[in-house]
Amino acid sequence: MKIKHIIFSLLLAITFYGAEAQETRFNLLVNEVNSYMLYKGSGEPLNAYRKTYRGIQAGASVDAGITKTFSIVSELYFASKGSVLKEGNPLTTGKSTLRISTLELPVLARIHFGQFYLNAGPYVSWLLGGRIKTDAFASTPENITKLSFASTSGSFKRWETGLQAGAGYSFKLKSSTLSIDFRYGYGLTTLSSGIERYNRNYVIGVRLSPWKNRQPASKS
C-alpha cells in the first residue's frame with residue numbers, strides 16, 4: 001500500500017470518529033527495562049555471549065485523544081539500559097557489563113479497542129553517559145571504563161533513533177486510570193563506532209494517570 005493511501009485512510013478515520021474523542025491523560029511511569037545489544041558486522045560473533053541487562057525507566061507521558069479510537073502518545077523519560085557479555089567472549093575475555101544512561105522521547109500512534117490498545121511509532125534517544133565494567137579473568141584485572149563520545153573507532157555516539165511497538169490494557173479506577181503496557185524497542189542506528197551495537201529492549205510496565213480524566217465535549 002502506498003504512503004498516500006495510508007495517510008488518506010488515517011484522515012478519513014479521524015473525520016469519521018472526530019465527534020467523540022478519547023480522553024486526554026497525563027501518566028506517570030516507573031518501570032524495569034530488559035535490554036541487550038545486537039552486534040553486527042565484525043562484532044557479530046559476540047552475539048553468542050550476550051545476556052540481558054536489567055535497568056530502570058522513569059518519566060511521564062501524555063495520551064492525547066484525537067478521535068474515539070485514535071490518540072497520540074508522547075513520552076519523556078530517563079532510562080538505564082545496557083548489555084552483558086559472558087565470560088570468555090572474544091572482546092574482553094572476562095565478563096563485561098555495558099551500562100548506558102539515556103533520555104528518550106517516543107511519539108506513538110495508538111489505536112483503541114475499548115480498554116485494549118495497540119501502539120507504535122519512532123523514538124529518539126540522547127545518551128547521557130555510561131561505562132563498561134570488565135570482571136577479572138585469569139591474569140586480567142577488573143576494569144571500569146567510562147564511555148567516550150567521538151567519531152573515532154571504539155567510541156560511542158550521543159544520538160540513537162529507533163522504533164517502539166506494543167500493546168496494553170487500561171483499567172478505569174474511581175478517579176484515575178491504571179494501564180498495563182508491553183513495549184518492544186528496536187534501535188535503528190548503531191550506538192558505537194567500530195563495533196556495531198544496536199539496542200533491543202522490552203518493558204512490561206505500569207502507567208498511572210493520578211488525576212480524574214476529562215472527556216472533551218462533543219460538538220453538536
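What's counted below: heavy atoms across the whole structure, side chains too, no hydrogens, waters or symmetry copies. Everything quoted here is computed from the prediction, not taken from an experiment.
Note on Y198 and Y202: separate hydrophobic clusters, where clusters join Ile, Leu, Val, Met, Phe, Trp and Tyr whose side-chain heavy atoms are under 4.5 Å apart, directly or indirectly. Hydrophobic clustering (ILVMFWY, side-chain heavy atoms < 4.5 Å, transitive): Y39 and I100 are in one cluster. Linking ILVMFWY residues whenever their side-chain heavy atoms come closer than 4.5 Å, directly or via other members, places M37 and I132 in the same cluster. Both L208 and Y169 sit in one connected hydrophobic cluster of ILVMFWY residues. Membership requires side-chain heavy atoms under 4.5 Å apart, directly or through other members.
Within a 6.0 Å sphere centred on CZ of R158, other residues, nucleotides and ligands contribute more than 12 heavy atoms. Applying the 6.0 Å contact sphere to CZ of R99 captures no more than 12 heavy atoms from other residues, nucleotides or ligands.
The side-chain hydrogen bond (donor to acceptor under 3.5 Å, both in side chains) test with E75 is passed by exactly one of Q164, Q57, R183: R183. Just one residue in the list N89, T52, T97 forms a side chain to side chain contact (heavy atoms under 4.5 Å, CB included) with V84, and that residue is T97.
When all heavy atoms are compared, the tightest approach of A150 to S193 is O-OG, 4.3 Å. Minimum interatomic distance between G65 and T24 (heavy atoms only, all atoms of both residues): N-OG1, 3.2 Å.
Remark: the backbone N or O of S192 is paired with a side-chain donor or acceptor of T190 at under 3.5 angstrom. T102 places no side-chain N or O within 3.5 Å of a backbone atom of E104 that could act as its donor or acceptor partner. Looking at S209, its side chain never comes within 3.5 Å of a backbone N or O of N27 through a donor-acceptor pair. The backbone N or O of T152 sits less than 3.5 Å from a side-chain atom of S155, completing a donor-acceptor pair. S35 contributes a side-chain N or O that, together with a main-chain N or O of G82, makes up a donor-acceptor pair within less than 3.5 Å.
In this pair, F149 and F156 present their aromatic rings perpendicular. The plane angle is above 60°, beyond the 30 to 60° band.
Here the side chains of I66 and I72 are in contact, with some heavy-atom distance below 4.5 Å. In this structure the side chain of L105 never reaches within 4.5 angstrom of the side chain of W126, judged on heavy atoms.
The residues K86 and D135 are annotated as not salt-bridged, no charged nitrogen and carboxylate oxygen being separated by less than 4.0 angstrom.
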